[in-house]
Novice: 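Sending over a structure as structure tokens; questions will come in a sec.
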Amino acid sequence: TGTYLDSPFHRFADGKDLAGLDLAQLADLDGVVARARAAGVGLLVTISTRIKRFEQIRAIAERYDNVFCSVGTHPHYAHEELDIAVDEIVRLACHPKVVAIGEAGLDYFYDNSPRAAQAEGFRNHIAAARITQLPLVIHARDADEDTAAILEEETARGAFPAVLHCYTGGAELARRGLALGLYVSFSGIVTFKKSDALREVAAGVPLDRLLVETDAPYLAPGKFRGKRNEPAYVAITAAELARVKGVSEAELARATTDNFFRLYAKTPRAAMAP
């Protein structure tokens, strides 16, 4: 069925803590990567959620030839890391294994961080993405209007690459994001029985702006729902997206792979596992 990327992200994490983990916390890390390769997932990006724990994320990326990472602060922790300057994010992003900024954005569902802090952190990460021209991984939950408004304001100040990650928003945010040149990425949620509205949004995303991901360890698709998610399952989500888009799984795999390398331009194709 072709080769998939867990694009854009796989978060090697455990439990409810979204931060990057210590390798010792996941005994079967080698198994996770091996199963992904066996399932046709050729490359992984593990996402930073706390810059102050970035060394742990970077260590995972350095351990495997086909694993890369981002650097950034999840909106849940925005208020804890506003002291990290844009210049520091840019400096960390110079590492050869860092191919993205984030994830950053707005989460009004949990509101774990004050909204003003989330917005400030979001804009800081946008600035880093603009400077580095690395893609910004955008987290947006129950914050469609404010997310779109900030993206439009910041794009007017200077363009930057970005993706609406693990998309769960409405058609309007997707429309406004696409108009700005963003990509839209879907996770296992698109396979859930009650996700008709999300599938309708996915159907409207052009094939050349579409990405597929796990958002592991959460949101396992299909028959694995409720279990720990991992990159090997991304092919299940991709198969559902292919059905929604009315294309073959092989065509979907080719398109999302090309989209990944177009957006994540720092990532070498040669790093893909066979």
Side-chain angles (χ1 to χ4, degrees), residues 6-30 32-33 36 43-107 109-114 117-129 131-132 134-141 163 165-166 187 213-219 228-231 264 266-267:
D6 189 8
S7 54
F9 335 100
H10 174 70
R11 184 184 294 115
F12 291 114
D14 203 2
K16 295 183 179 180
D17 185 357
L18 293 178
L21 55 73
D22 186 296
L23 290 176
Q25 291 180 266
L26 188 55
D28 69 337
L29 190 61
D30 289 343
V32 166
V33 175
L43 189 146
L44 312 175
V45 178
T46 181
I47 293 300
S48 167
T49 55
R50 293 187 183 184
I51 295 176
K52 291 176 181 177
R53 299 186 185 180
F54 172 66
E55 289 185 5
Q56 297 167 333
I57 288 290
R58 186 175 60 201
I60 294 172
E62 291 174 338
R63 179 171 169 176
Y64 302 95
D65 290 342
N66 67 325
V67 177
F68 293 80
C69 68
S70 71
V71 58
T73 304
H74 191 285
H76 286 348
Y77 313 116
H79 62 297
E80 299 176 2
E81 300 199 343
L82 291 179
D83 58 325
I84 299 174
V86 172
D87 288 349
E88 176 63 6
I89 302 174
V90 171
R91 184 188 70 80
L92 293 171
C94 289
H95 189 281
K97 279 285 188 164
V98 177
V99 297
I101 303 295
E103 71 185 85
L106 306 176
D107 192 311
F109 181 82
Y110 286 108
D111 270 329
N112 285 349
S113 186
Q118 293 185 47
E120 182 179 347
F122 190 15
R123 291 183 189 274
N124 287 345
H125 284 72
I126 288 172
I131 293 167
T132 62
L134 295 179
L136 175 63
V137 179
I138 299 169
H139 176 107
R141 188 169 185 187
V163 56
H165 133 75
C166 190
S187 69
E213 63 174 286
T214 56
D215 196 39
Y218 313 108
L219 309 176
R228 191 191 74 183
N229 199 3
E230 60 177 75
Y264 289 78
K266 185 178 174 180
T267 314

Novice: Counting only heavy atoms not in Asp111, do more than 12 sit closer than 6.0 Å to its CG atom?
Specialist: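 Above 12, so yes.
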Novice: Ignoring hydrogens, what is the shortest heavy-atom contact between Arg228 and Val32? Give both atom names and the distance.
Specialist: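 Heavy atoms of Arg228 and Val32 come nearest at NH2-CG2, 3.5 Å.
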Novice: Nearest 0.5 Å, what's the CD1-CG distance between Ile84 and Asn124?
Specialist: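 If we round to the nearest 0.5 Å, Ile84:CD1 and Asn124:CG are 10.0 Å apart.
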Novice: Under 3.5 Å, side chain of Glu213 to main-chain N/O of His165, donor-acceptor pair present?
Specialist: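 Such a contact is absent between Glu213 side chain and His165 backbone.
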Novice: Within the 4.5 Å heavy-atom criterion, are Lys52 and Thr73 side-chain neighbours or not?
Specialist: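 Counting from C-beta outward, Lys52 and Thr73 never come under 4.5 Å.
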Novice: Is the ring pair Tyr110/His76 parallel, tilted or perpendicular, if the boundaries are 30 and 60 degrees?
Specialist: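 It falls in the perpendicular class, over 60°.
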Novice: Is Val71 close to Ile101 at the side-chain level, that is, under 4.5 Å between some pair of heavy atoms?
Specialist: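 They are in side-chain contact.
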Novice: Would you mind telling me which of His139, His125, His79 makes a ring-ring contact (aromatic ring centres under 6.0 Å, His included) with His74?
Specialist: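 Exactly one pass, corresponding to His139.
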Novice: Hey, does Ser70 have a side-chain heavy atom less than 4.5 Å from the side chain of Ile47?
Specialist: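 In short, these two side chains touch, coming nearer than 4.5 Å.
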Novice: Can we say Arg123 and Glu120 salt-bridge, meaning some charged N sits less than 4.0 Å from an Asp/Glu carboxylate O?
Specialist: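 No.
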Novice: Can you name the closest pair of heavy atoms from Ile51 and Leu92 and give their distance?
Specialist: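 Of all heavy-atom pairs spanning Ile51 and Leu92, the closest is CG2-CD1, 3.7 Å.
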Novice: Any idea which heavy atoms bring Val163 and Tyr264 closest together, and the distance?
Specialist: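 For Val163 versus Tyr264, the nearest heavy atoms are CG1-OH, 3.8 Å.
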Novice: Are side-chain heavy atoms of Thr46 and Val67 found at a separation under 4.5 Å?
Specialist: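 Contact flag for Thr46/Val67 side chains = yes.
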Novice: Can you check whether Val98's main-chain N or O pairs, donor with acceptor, with Lys266's side chain at less than 3.5 Å?
Specialist: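 Checked: pair present.
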Novice: Could you measure the distance from the CD atom of Glu62 to the NE2 atom of His95? Nearest 0.5 Å is fine.
Specialist: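 Those atoms lie 4.0 Å apart.
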Novice: Is there side-chain contact between Thr132 and Ile89, with heavy atoms separated by less than 4.5 Å?
Specialist: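 Result no, sub-4.5 Å side-chain heavy-atom pair not found.
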Novice: Determine yes or no for a side-chain-to-main-chain donor-acceptor pair under 3.5 angstrom, with Asn229 supplying the side chain and Thr214 the backbone.
Specialist: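 The answer is yes, because a donor-acceptor pair under 3.5 Å joins these two groups.
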Novice: So, taking the atom named OG in Ser48 and the one named CD in Gln56, what distance separates them when rounded to the nearest 0.5 Å?
Specialist: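 One finds 10.0 Å between OG of Ser48 and CD of Gln56.
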Novice: I need the minimum non-hydrogen distance between Val99 and Thr267, along with the two atoms involved.
Specialist: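 For Val99 and Thr267, the tightest heavy-atom pair comes out as CG1-OG1, 3.3 Å.
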